[in-house]
Amino acid sequence: MASQLAGGALTGEGRELAPRAGEPGDTGPRVRRPGVELLDVHKSFGAVAAVRGVTLALEAGAVTALVGPSGCGKTTTLRLVAGFDTPDRGEVRIGGRAVAGGAGGAVPPERRRVGMVFQQLALFPHLDVAGNIAYGLSRTGRAERQARVAELLELVGLVGYERRRPHELSGGQAQRVALARALGPRPDVVLLDEPFSSLDVTLRAGVRAEVRSILQAAGATALLVTHDQEEALSLGDQVAVMLDGRIAQVGTPDEVYRRPVDLHVAGFLGAANLFEAELNDGVLHTPLGLVAVPRGGSGGVVTALVRPEDLDLLDIGPDEGETDGHGGAGAVGAVGTVTAVEYYGHDQLVVVALAEGKPVRARLHADRRLQPGTRVRVTARRAYPLP
Ligand code: ATP
């Protein structure tokens with residue numbers, strides 16, 4: 001597939017080349033002054049408040065995935081870090097130094113030591129792979145440039161491809177060229193804006209994993225903007241969920257998925273079954289059974305989140321569950337009827353209408369054969385109280 005992807009290195013003056021590979025002091029293609037901070041940053045376009053008081057710290061050497069629905073302000077946030085937009089209020093710091101909104105005035109994009117990988121920009125079609133990667137290194141001496149290109153080709157696994165033109169590459173290979181080009185001048189931070197959205201689905205998972213390991217090998221501080229929850233959870237060391245111009249939650253992928261701060265974050269990050277439950281002495285009393293909560297606590301009536309993969313379905317006979325005095329609900333779970341099955345190959349989503357009419361979604365192994373109309377008893381293996 002011809003690529004729509006490109007890397008553009010913005011790093012400009014003040015570049016110091018790190019020691020060459022194998023030389024004393026060489027720690028690999030590592031970022032040495034990392035870390036990005038946004039402090040109460042605001043940005044409006046006319047009446048549209050795109051970014052509304054964002055405070056966010058990108059951990060040095062880690063990938064932060066900024067995820068949220070379309071129009072929530074992700075790209076604007078990235079542009080504020082890159083320097084393409086200027087905050088109306090607040091401060092942006094890179095490597096501890098204010099680049100916007102601070103006392104020293106705004107640092108222009110080309111002096112922020114930022115590398116970018118976009119979805120839309122093409123690689124230079126008239127340059128081969130080596131030429132594209134070398135593009136951001138034009139101020140370096142020839143020998144050093146060649147050595148750095150060789151190092152980057154190694155890093156992204158494209159040794160032997162240096163003379164190919166972009167149209168002779170697969171989408172995934174082109175993506176790696178874009179990344180190598182962005183990493184070339186050893187930027188303090190790499191910004192990736194929806195970098196996988198032009199790849200077809202079969203390529204995407206593999207390319208994501210490659211990009212992640214390249215960023216890790218480079219020790220890069222990276223900000224990845226995506227609207228794709230799966231991408232954010234699989235790629236981010238840290239995930240920042242952005243809703244309506246604000247950061248709703250920041251945490252590890254597991255924290256934001258398992259312990260969302262509210263219903264909006266819970267719902268955005270994946271299918272969420274929600275139930276009224278009672279939390280007493282570390283046990284959640286849900287309509288799907290009693291579930292111990294690792295963190296314990298007693299909160300009275302709470303909303304319990306049950307992810308689809310945390311449900312079990314047990315086939316039952318047509319009359320079972322009618323006479324337990326709870327309408328099928330209680331410590332042993334709730335009775336319901338399968339209404340739909342969405343098959344995905346690796347697994348399936350089964351929709352069950354509970355006796356009281358509420359639909360729940362369960363994710364099961366694809367081997368399990370369930371037809372609409374089957375009666376089942378639904379139990380929860382795990383449940384989390386929302387704050
Ligand atoms: P998407 O996932 O669709 O790219 P996003 O989360 O990246 O969305 P932004 O592109 O940051 O969102 O846009 C946030 C809001 O600001 C949107 O309402 C958008 O229409 C508006 N906006 C962004 N840039 C401009 C601009 N230059 N002029 C006017 N409005 C803008």
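Both counts, for ligands and for their atoms, begin at 1 and track the order of listing.
- Rounded to the nearest 0.5 angstrom, Asp88 CG and Phe45 CZ are separated by 8.5 Å.
- Partners of Arg93 according to the salt bridge (Lys or Arg N to Asp or Glu O under 4.0 Å) rule, which considers only residues two or more places apart in sequence or in another chain, are Glu37, Glu91.
- Residues Ala100 and Arg112 approach most closely at CB-NH2, 3.7 Å, considering heavy atoms.
- Under 4.0 Å from any atom of ligand 1, one finds heavy atoms of residues Phe45, Val48, Ala50, Pro69, Ser70, Gly71, Cys72, Gly73, Lys74, Thr75, Thr76.
- Under the salt bridge (Lys or Arg N to Asp or Glu O under 4.0 Å) criterion, Asp85 pairs with Arg79, not counting sequence neighbours.
- With sequence neighbours excluded, the residues that form a salt bridge (Lys or Arg N to Asp or Glu O under 4.0 Å) with Arg208 are Asp228, Glu230, Glu231.
- Taken from CZ in Arg52 to CD1 in Ile247, the straight-line distance is 12.5 Å, to the nearest 0.5 Å.
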